[in-house]
Amino acid sequence: CTSSPETLRWLHDSLKTLFGTVHGLGGIFTITMSENLTSCASRYRKHECPRCRDRSIASIVSEVNRTMIAGMMAGDPSANALVWNWGWPEDACEEIVRGLPKGNCRLMAVSERGIEICRGGVKSVESDYSLSIIGPGDQAKRFWRAAKAADLPVVAKVQASASWELGSFPYLPVMDLVAEHAANLSAEGVNGVMLSWSVGGYPSSNLSVYRDFVRGPDAKNRTLDRIAQALYGEKAQQARRAWTAFSEGFRHYPFDISVLYEGPQHMGVANPLYAEKTGYAAGMVCYPYDAYRTYCGAYPPNVYAELIGKVADGFAEGCHLMEGVVPKKELDLYRAEQMHFASCRDQVLFYLARDRGDHPVMREILLRELARAKAYWPLVRADSRIGYESSNQYFLVPRDVLEKVLVCRLALEPEVRLPQSEFNVSEDYPDAPCRTYETTFVRPAWKRVELDMGEVHSLAEVSVNGR
């Protein structure tokens with residue numbers, strides 16, 4: 001409990017020892033509410049503590065930050081603290097800010113948080129991080145005004161390269177959106193930016209928007225023209241048109257917290273299709289299964305499919321415009337992103353058709369997904385960036401794409417005979433040393449089909465060398 005003098009002394013002295021012993025540290029970065037127990041107030045449970053129940057959240061949170069900053073400065077007076085308001089109650093922010101020390105402290109807020117949007121006729125509020133929603137919003141501006149009134153520098157937390165809107169790629173080429181956000185922050189007068197969370201930390205041209213930002217009139221277009229010229233020379237304007245196509249498509253993203261953390265966009269093409277209901281719940285930023293009525297969030301499934309389809313269409317146009325402009329590896333990365341968005345649309349349309357018993361539409365979508373998976377597989381094999389994110393590691397690997405090919409073929413051709421050599425079908429789910437594939441297509445009951453990879457390549461009709 002941080003209302004205990006012993007705990008505060010430990011926080012202070014630990015940081016004093018750290019900064020006094022390890023020289024050259026820049027400072028500390030504090031998140032004092034939300035996911036982790038950093039005080040009795042951090043998860044809104046201070047009423048359970050006899051020391052904290054009569055204190056305000058603001059007094060507890062500001063005291064924790066003051067103590068840590070004091071310890072840091074006792075060890076190294078030149079170190080700085082970046083204090084994030086993540087999880088703070090809106091009505092407590094100003095009081096917390098007033099309780100923070102001046103000099104070595106900067107205040108940070110998520111720029112786009114709290115912005116209201118309406119997409120596909122569905123109203124939503126930004127509640128995480130977003131590339132498709134352009135800040136800053138009123139919530140961040142109020143916080144920054146309070147910080148400036150307390151004579152504290154302000155920092156914007158943004159996502160410049162990627163977000164949980166598509167977390168399995170290093171960056172999204174939505175440069176117009178990035179530059180628009182940067183221009184807004186420049187006009188707001190923030191003192192700095194934090195450019196990513198774990199997702200979106202890969203070096204990209206998006207980051208150069210903030211590095212090479214040109215201030216003044218028409219800052220967005222002047223900045224993008226300068227970057228495009230430096231990257232693509234005589235093809236700069238074609239690249240600009242492609243960036244606009246990517247960006248305009250991405251403005252339609254069906255933003256919702258359930259979409260971000262439970263949706264199929266991270267697995268994309270590699271997510272299997274299920275011809276029968278699994279009853280599985282979607283996992284957090286991982287396996288969505290067929291839980292589309294959950295992961296579509298506030299959006300009716302047909303509206304979600306329409307919006308994510310518009311994103312896919314924008315990326316298809318952008319990829320076409322980028323032909324002959326960027327190296328093949330980067331163009332293939334953009335094509336793979338387009339396939340993820342198109343697959344998200346088709347997955348939802350497939351389950352809507354499944355649930356109404358529309359087998360012709362199911363077959364049509366299976367054919368599209370089969371062709372898409374076969375086109376996607378060599379892209380994944382050639383670029384280890386695809387499917388990776390630092391906190392989750394790999395959402396998918398090439399074998400997952402082969403599974404998708406296999407599942408689609410078994411659904412389209414139930415008469416396909418599975419290879420018999422070194423292969424068996426078990427009634428239960430035993431641990432098996434070889435790669436396993438779950439299928440509901442060939443048999444009425446769930447069974448686990450065990451194949452070695454040579455047999456899978458043969459059945460999937462995809463060659464090992466990727467050609």
Side-chain angles (χ1 to χ4, degrees), residues 112 117 119-120 130-134 158-163 165-184 200 202 204-210 212-213 218-255 259 265 268-269 303-346 368 372 375-376 379 383 385-386:
E112 63 269 21
I117 62 170
R119 295 176 179 174
S130 176
L131 272 169
S132 69
I133 301 173
I134 307 303
V158 301
Q159 291 296 126
S161 291
S163 68
E165 289 154 313
L166 181 59
S168 48
F169 285 80
Y171 70 97
L172 295 165
V174 290
M175 295 283 278
D176 290 49
L177 303 182
V178 177
E180 183 178 336
H181 201 159
N184 292 348
Y202 186 86
S204 72
S205 54
N206 299 38
L207 300 182
S208 65
V209 170
Y210 285 89
D212 300 331
F213 190 78
D218 198 23
K220 169 190 166 182
N221 288 317
R222 290 169 58 222
T223 298
L224 291 179
D225 284 343
R226 177 178 173 180
I227 295 171
Q229 184 64 40
L231 290 173
Y232 306 118
E234 62 183 18
K235 297 180 179 178
Q237 288 308 304
Q238 187 172 341
R240 284 293 320 273
R241 291 194 295 273
W243 288 343
T244 298
F246 290 129
S247 299
E248 291 307 307
F250 204 63
R251 289 184 194 272
H252 294 285
Y253 192 93
F255 187 94
V259 175
Q265 66 274 13
V269 183
V303 175
Y304 168 92
E306 179 185 357
L307 290 173
I308 205 75
K310 289 181 178 179
V311 178
D313 292 344
F315 269 65
E317 182 183 355
C319 288
H320 175 70
L321 290 168
M322 276 296 189
E323 291 177 4
V325 177
V326 295
K328 182 179 184 300
K329 186 172 184 178
E330 295 309 294
L331 181 57
D332 283 347
L333 183 78
Y334 305 156
R335 285 170 171 161
E337 291 170 342
Q338 191 277 337
M339 290 180 192
H340 270 238
F341 295 128
S343 182
C344 289
R345 173 196 60 205
D346 280 348
R368 285 205 300 268
R372 187 175 292 130
Y376 179 69
L379 306 185
D383 191 341
R385 297 175 299 171
I386 297 175

Identify the two heavy atoms, one from [X] and one from [Y], that lie closest to each other, and give their separation to 0.1 Å.
X	Y	result
Leu177	Ser132	CD1-CA, 4.1 Å
Ala312	Ala342	CB-N, 3.6 Å
Ala239	Val325	CB-CG1, 4.0 Å
Ser161	Leu207	OG-CD2, 3.6 Å
Gly318	Ala242	O-CB, 3.6 Å

Check against side-chain contact (heavy atoms from CB on, under 4.5 Å), Phe315 and Val174
CA-CA 9 Å; Phe315 269 65; Val174 290; 4.2 Å; yes
Could you tell me the separation between the [atom1] atom of [X] and the [atom2] atom of [Y], rounded to the nearest 0.5 Å?
X	Y	atom1	atom2	result
Cys344	Leu166	SG	CG	8.0 Å
Ser343	Arg372	OG	CZ	5.5 Å
Ile227	Arg222	CD1	CZ	12.5 Å
Gln229	Gln237	CD	CD	8.0 Å
Asp313	Gln338	CG	CD	7.5 Å
Asp212	Ser205	CG	OG	11.0 Å

One thing to verify: whether [Y] and [X] come together as a salt bridge, which I'm taking to mean a side-chain N less than 4.0 angstrom from a carboxylate O.
X	Y	value
Arg335	Glu323	yes
Lys328	Asp332	yes
Arg119	Glu306	no

Please examine the side chains of [Y] and [X], heavy atoms only from C-beta on, and report whether any two atoms are closer than 4.5 Å.
X	Y	result
Val259	Glu165	no
Leu333	Pro170	yes
Arg240	Asn221	yes
Leu307	Val311	no
His340	Gln265	no
Leu379	Met339	yes
Ile134	Glu112	no

Donor-acceptor under 3.5 Å (Asn206 side chain, Leu172 main chain)
yes
Hey, is the main chain of Asp383 close enough, under 3.5 Å, to the side chain of Lys329 for a donor-acceptor pair?
no
Among Glu337, Gln159, Glu330, which residue meets the side-chain hydrogen bond (donor to acceptor under 3.5 Å, both in side chains) test with Tyr171?
Glu330
Could you verify whether a donor N or O on one side chain and an acceptor N or O on the other, from Asp176 and Thr244, lie under 3.5 Å apart?
yes
Test Tyr334 against every option in Trp243, Phe246, Phe169 by the ring-ring contact (aromatic ring centres under 6.0 Å, His included) rule and name the one that passes.
Phe246
Check: Tyr253 ring centre within less than 6.0 Å of Phe250 ring centre
yes
